[in-house]
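Please read the structure below before turning to the comments.
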Amino acid sequence: MSLEEKLLQDFLSLPQEKQIEVMDFVEFLKSKNKSKIENVMDDIINENIEALRELAK
């Protein structure tokens, strides 16, 4: 059984209120990861702002 199949099987065996909690947690993890990516991109932009300004001319 693959990880995806196991996860789906376990998820479907939960009561609906627990499924909602799982979905909330998944959304939290996704937003946390997105925030990290945004912070990295901000750092890259800030470290290279002069070069980016030159390229924008």
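All figures in this text were calculated on a predicted structure; none of them were measured in a lab.
At least one side-chain heavy atom of K30 sits under 4.5 Å from a side-chain heavy atom of V26. When side chains are defined from C-beta on, R53 counts as touching I49, because their heavy atoms get closer than 4.5 Å.
In this structure, CE in M23 is found 12.0 Å from CD in Q16, a value given to the nearest 0.5 Å. Note that CD1 of I37 and CG of D42 are 12.0 Å apart. Values are rounded to the nearest 0.5 Å. Residue N39 holds its CG atom at 10.5 Å from CG of N46, rounded to the nearest 0.5 Å. Atom CD of residue Q19 and atom CG of residue D10 lie 11.0 Å apart, to the nearest 0.5 angstrom. Taking CG of D24 as the reference point, atom CG of L29 lies at 11.0 Å (rounded to 0.5 Å).
Within 6.0 Å of CD in E17 there are more than 12 heavy atoms belonging to other residues, nucleotides or ligands.
Cluster annotation: L14 is not connected to I20 through the hydrophobic network of ILVMFWY side chains, with a link wherever side-chain heavy atoms come within less than 4.5 Å.
Annotation for M1 and Q9: closest pair CE-OE1, 3.0 Å, computed over non-hydrogen atoms.
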